[in-house]
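Reading through the structure tokens given below for one structure.
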Amino acid sequence: MATSDISISSSSIFGPSLEGMKHVKSEQGEMLTKPFLDVCKLILPVIDKFGAAMALVKSDIGGNITRLENKYLSNPTEFTLLYSMIKPEIADKTAKGSSSCTNGLLWLTRAMDFLVELFRDLLAHPDWTMSQCCTDSYSKTLKKWHGWLASSSFTLAMKLAPDRSKFMEIISGTGNVNADMESFCSNFAPFLEENHKFLASVGMDNLKAS
């Protein structure tokens, strides 16, 4: 599906992020910094509805968005394209630093992988509790990159996951939330795959948490 053809039931909480996805790529098909970060920011209200269970995830996502956004704002013309912030760090051999934009993009992409997988689980397994969905999506995405401490903290937080039916009711609005959730997954996942492909090409896609 072309991003310009994204189907939106705009009254659900996914509406703004689906609208934003239409602008993530340039006419030449390149990833644009501000529109990509904007979509990531627009999904934060969904994370809010998870409450304490997602506090760690939200903090991590927010911190990485801020890091990348600050770099972009330092020179919007130079850093219009998302990967233009990464290439100088690769050349300078500073990409592996904990405060690098490369590190920020890697962990932001991984956190978004987790959310996409979580939404897919909610759609595919209507009989699962929210905690089951969170645990399964975590094991498929972030877990292999986390050390023991982060993994333990995350596993503990998942036990605070909200009641599934209440959560779905809160995020639905008056729109078709399942359709919007599916649209979010199918349209956002390719952007994440592209990030991974780029990061892999510069040897930065397999870093683990220290």
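Nothing here was measured: the structure is a model prediction, and the numbers come from that model. The first residue in the sequence is number 1, and the count goes up from there.
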Discussion item. Any heavy-atom pair between the side chains of Pro126 and Arg164 that's under 4.5 Å?
Written reply: yes
Practice prompt. Any chance you could lay out the side chain to side chain contact (heavy atoms under 4.5 Å, CB included) test for Arg110 and Lys144, step after step, and finish with the verdict?
Written response: CA-CA 11 Å; Arg110 286 173 175 174; Lys144 63 184 171 184; over 6 Å; no
Fill in: Non-hydrogen side-chain atoms of Trp128 and Leu122 separated by less than 4.5 Å
no
Worksheet item: Roughly how far apart are Asp205 CG and Trp145 CH2, rounded to 0.5 Å?
Response: 6.0 Å
Worksheet item: Under 6.0 Å from the CD atom of Glu169, do we count more than 12 heavy atoms belonging to anything else shown?
Response: no
Response to the item:
By salt bridge (Lys or Arg N to Asp or Glu O under 4.0 Å), Lys34 pairs with (sequence neighbours left out) Asp38
Practice prompt. Taking all non-hydrogen atoms of both residues into account, name the closest pair between Phe114 and Ser137 and its distance.
Written response: CE1-OG, 3.2 Å
Discussion item. Measuring only between side-chain heavy atoms, which start at C-beta, is Met21 closer than 4.5 Å to Phe191?
Written reply: yes
Practice prompt. Please confirm whether the backbone N or O of Lys96 pairs with a side-chain atom of Ser100, one donor and one acceptor, at under 3.5 Å?
Written response: no
Please output the side-chain donor-acceptor pairs of residues 45-63 that fall under 3.5 Å, not counting sequence neighbours, one pair per line with the distance.
from	atom 1	to	atom 2	distance (Å)
Asp48	OD1	Lys58	NZ	2.7

Worksheet item: Under 3.5 Å, side chain of Ser183 to main-chain N/O of Asp180, donor-acceptor pair present?
Response: no
Worksheet item: How about Gln132: does its CD atom have over 12 heavy atoms from other parts shown lying under 6.0 Å from it?
Response: yes
Item to complete: Step by step, work out the side chain to side chain contact (heavy atoms under 4.5 Å, CB included) result for Met31 and Val24.
Response: CA-CA 6 Å; Met31 296 277 281; Val24 168; 4.0 Å; yes
Worksheet item: If you round to the nearest 0.5 Å, how far is CD1 of Ile86 from CG of Leu68?
Response: 6.5 Å
Practice prompt. Could you label the plane-to-plane angle of the Phe184 and Phe119 rings as parallel, tilted or perpendicular, counting under 30° as parallel and over 60° as perpendicular?
Written response: perpendicular
Discussion item. Tell me whether Thr80 contacts the main-chain N or O of Pro76 through its side chain, where contact means a donor paired with an acceptor under 3.5 Å.
Written reply: yes
Worksheet item: For the atom pair CG (Leu108) and CG (Leu37), what is the distance rounded to the nearest 0.5 Å?
Response: 7.0 Å
Worksheet item: So if you build clusters from Ile, Leu, Val, Met, Phe, Trp, Tyr with side-chain heavy-atom gaps below 4.5 Å, do Met130 and Leu160 land together?
Response: no
Worksheet item: Any side-chain heavy-atom pair from Asn195 and Met112 closer than 4.5 angstrom?
Response: no
Discussion item. So, taking the atom named OG in Ser153 and the one named CH2 in Trp148, what distance separates them when rounded to the nearest 0.5 Å?
Written reply: 8.0 Å
Worksheet item: With the 4.5 Å side-chain cut-off for hydrophobic clustering, are Leu192 and Leu81 part of the same group?
Response: no
Practice prompt. Would you check if Leu118 and Thr141 make a side-chain contact, meaning some heavy-atom pair closer than 4.5 Å?
Written response: no
Discussion item. Could you check whether any side-chain heavy atom of Thr155 comes within less than 4.5 Å of a side-chain heavy atom of Lys143, counting everything from C-beta outward?
Written reply: no
Discussion item. Taking Ile170 as the starting point, is it possible to reach Leu115 by hopping between hydrophobic residues whose side chains are less than 4.5 Å apart?
Written reply: no
Item to complete: Could you check if a side-chain atom of Tyr72 sits within less than 4.5 angstrom of a side-chain atom of Leu32, using non-hydrogen atoms only?
Response: no
Worksheet item: With the threshold set at 4.0 Å, does a side-chain nitrogen-carboxylate oxygen contact exist between Lys71 and Glu89?
Response: no
Item to complete: For Ser131 and Met158, indicate whether the former's side chain and the latter's backbone hold a donor-acceptor pair under 3.5 Å.
Response: yes
Practice prompt. Mind telling me whether His146 and Phe154 have parallel, tilted or perpendicular rings, with 30° and 60° as the class edges?
Written response: tilted
Item to complete: Nearest 0.5 Å please: distance from the CG atom of Leu82 over to the CZ atom of Phe198.
Response: 8.5 Å
Worksheet item: Does a salt bridge link Arg120 with Glu117, judged by any charged N lying under 4.0 Å from a carboxylate O?
Response: yes
Item to complete: Check the hydrophobic clustering (I, L, V, M, F, W, Y; side-chain heavy atoms under 4.5 Å; chains of links allowed) and say if Val202 and Met85 are grouped together.
Response: yes
Worksheet item: Can you list the steps and then say if Ile43 with Phe14 is a side chain to side chain contact (heavy atoms under 4.5 Å, CB included)?
Response: CA-CA 7 Å; Ile43 207 64; Phe14 287 94; 3.7 Å; yes
Worksheet item: After noting the C-alpha distance and the side-chain angles of Asp121 and Lys140, does the key distance pass the side chain to side chain contact (heavy atoms under 4.5 Å, CB included) rule?
Response: CA-CA 11 Å; Asp121 272 353; Lys140 289 177 183 171; 3.5 Å; yes
Worksheet item: For the side chain of Arg67 and the backbone of Asn103, is there at least one donor-acceptor N/O pair under 3.5 Å apart?
Response: no
Worksheet item: How long is the gap from CG on Leu199 to OG on Ser201, to the nearest 0.5 Å?
Response: 7.5 Å
Worksheet entry | Minimal non-hydrogen separation, Trp107 against Ala209, with atom names | CZ2-N, 3.6 Å
